[in-house]
Number of protein chains: 2
Amino acid sequence: MLMEIGSHRADKPGGRIRQKNEQIIIAAAEAEFAANGFKGATMNNIALKAGLPKSNIHYYFKNKLQLYIEVLINIIDLWDNALNELDADSEPAAALREYIAAKMRFSREYPLASRVFAKEILSGAPRIKQYFSSEYREWFLRKTDVFSKWAQQGKIDPIDPAHIVFLLWSSTQHYADFEVQIAAALGKKSLSKKDFDEATDALTKIIIRGIGYQG
Amino acid sequence: MLMEIGSHRADKPGGRIRQKNEQIIIAAAEAEFAANGFKGATMNNIALKAGLPKSNIHYYFKNKLQLYIEVLINIIDLWDNALNELDADSEPAAALREYIAAKMRFSREYPLASRVFAKEILSGAPRIKQYFSSEYREWFLRKTDVFSKWAQQGKIDPIDPAHIVFLLWSSTQHYADFEVQIAAALGKKSLSKKDFDEATDALTKIIIRGIGYQG
DNA sequence: GTCTATATCACGATAGAC
DNA sequence: GTCTATCGTGATATAGAC
């Protein structure tokens, strides 16, 4: 979906050193973009974090925008691998429990990825307009279909499925994106696995019950 | 809370022209910070949006950081005025209905404010560390107390109140912060009042029911 | 394939004329 | 109180030596 933006991928040769350095740079860039956003990020900071000379970054990536796009592509790949679709044929409780758990796992394991993406969207997504195309809309409708089906079968209440999906996204991403606020509220420096597990539990209970599923 | 950061407020003279220009600049700065974050924002862009010469910005505000702090103070003021505390003496359904509606109204009316704040937190809140002090923790505990009380009275399920509060925040702010994504999912350019009303409705139903409140 | 040196420009900030 | 001219810095990006 995003790959069309930067037409450079399958046509990469990929010596061993190159691949390794590119991965180091992308990881460093992810941290820098998460902290300072696209405009605020500097190639210098990325080089420092990567432990490479500044101009090596330019050697491996044409410019800042291309590097940024590569970071985003990486994130979407991660996303696709970590999250399975909601299974319409399962019972709502089981399907939702698994989906929420997967989303929360993602928030805990890849908070930087979540934040880079969040910042892009907060800015109005000027660098990834193509991503939010009609294709995206269709992908979203397949998501909501699951809930429509469940509602038709009388398994859950007739609540607008779009807003159920938004709720699943917002409530789970929140723990990655707003971690410092949540930690401060809980009186901690950062969140532990236990905090994430408790959050997963609470969210699962509230949402399953909230949409009217009766064990 | 934040005012201690910049010790400059009550001690402002405030000729009529000054006050007017400062308001114009703060509004312009809010838009620029929302779009590009603190580091990514430029004084030049702010001046352009304000329709004033660039150096006027420096005349009214010492530097970029002070202007940013002023924008944040403005946002917190707005916040304090728009949102009442949850009322523990009301029935959960009524209290939550009102709170969710108020948060959603804020998301619709002040999306830029929400986004500036969100970006600061996403960055790890380096410019407003003081805000997340022990005072913040105490304020948060007063929030959760309401739910603890309701749970003790058997009005709602015994769910960790902290995560109920996080859910209220995340689900409502999402409509301001991630508007472009939501609009794309719904196949629209931007969100209408009707979209917000429907979201408010869905969230209210799911959350009230989800925490186990039985009409 | 890798790094040094540098061109070019936009940034935040200020000095001083009006 | 307001604006013009400009300074110094640090940014992206590139040319070319190794």
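This structure is a prediction, so every number in the text was calculated from the model and none was measured. Below, chain A is the first sequence line, B the second, and so on; all start at residue 1.
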**Message:** Quick check: Phe132(B) with Phe140(B) (ring centres under 6.0 Å apart)?
**Reply:**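 So the answer is no for these two rings.
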**Request:** Assert yes or no for the condition that the ring centre distance of His163(B) to Phe147(B) is strictly below 6.0 Å.
**Result:**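 For His163(B) and Phe147(B), the ring centres are not under 6.0 Å apart.
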Roughly, in whole Å, what's the span from [atom1] in [X] to [atom2] in [N]?
X	N	atom1	atom2	answer
Tyr68(B)	dG12(C)	OH	C1'	17 Å
Ile17(A)	dG1(C)	CD1	C1'	7 Å
Tyr60(B)	dA13(C)	OH	P	18 Å
Leu65(A)	dA13(D)	CG	C1'	14 Å
Asn36(B)	dC11(C)	CG	P	11 Å
Lys64(A)	dC11(C)	NZ	P	11 Å
Lys20(A)	dG1(C)	NZ	C1'	14 Å
Phe38(A)	dA11(D)	CZ	C1'	13 Å

**Item:** Residues that Asp197(B) engages under side-chain contact (heavy atoms from CB on, under 4.5 Å), provided they are two or more places apart
**Value:**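 Applying side-chain contact (heavy atoms from CB on, under 4.5 Å) to Asp197(B) gives Lys193(B).
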**Message:** With a 4.0 Å cutoff (strictly under), does any side-chain N or O of His58(A) reach OP1 or OP2 of dT14(D)?
**Reply:**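 So the side-chain polar atoms of His58(A) never come under 4.0 Å of the phosphate oxygens OP1 or OP2 of dT14(D).
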**Side-chain N or O of Tyr59(A) closer than 4.0 Å to phosphate OP1/OP2 of dG1(C)** =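 So the side-chain polar atoms of Tyr59(A) do come within 4.0 Å of the phosphate oxygens OP1 or OP2 of dG1(C), strictly under.
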**Message:** Around atom CD of Glu198(A), are there more than 12 heavy atoms from other residues, nucleotides or ligands closer than 6.0 Å?
**Reply:**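 Enclosed.
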**Request:** Taking salt bridge (charged side-chain N to carboxylate O under 4.0 Å, His left out) as the test, write out the residues that go with Lys64(A), two or more places apart.
**Result:**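 Not a single residue meets the salt bridge (charged side-chain N to carboxylate O under 4.0 Å, His left out) criterion with Lys64(A).
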**Request:** Taking salt bridge (charged side-chain N to carboxylate O under 4.0 Å, His left out) as the test, write out the residues that go with Lys149(A), two or more places apart.
**Result:**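 Counting only residues at least two positions away or on another chain, Lys149(A) forms no salt bridge (charged side-chain N to carboxylate O under 4.0 Å, His left out).
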**Asked** Contacts to DNA chain D from residues 40-57 of chain A, heavy-atom cutoff under 4.0 Å, which residues?
**Response**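 Those residues whose heavy atoms fall under 4.0 Å from DNA chain D, taken from residues 40-57 of chain A in numerical order, are Ala41(A), Thr42(A), Met43(A), Asn44(A), Lys54(A), Ser55(A).
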**Prompt:** Going by the side-chain hydrogen bond (donor to acceptor under 3.5 Å, both in side chains) test, which pairs reach into residues 109-119 of chain A, not counting sequence neighbours?
**Reply:**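 Listed by first then second residue: Ser114(A)-Asp177(A), Arg115(A)-Glu179(A), Lys119(A)-Ser123(B).
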Show each protein N/O and nucleotides 16-18 of chain D N/O combination with a separation under 3.5 Å, one pair to a line.
none

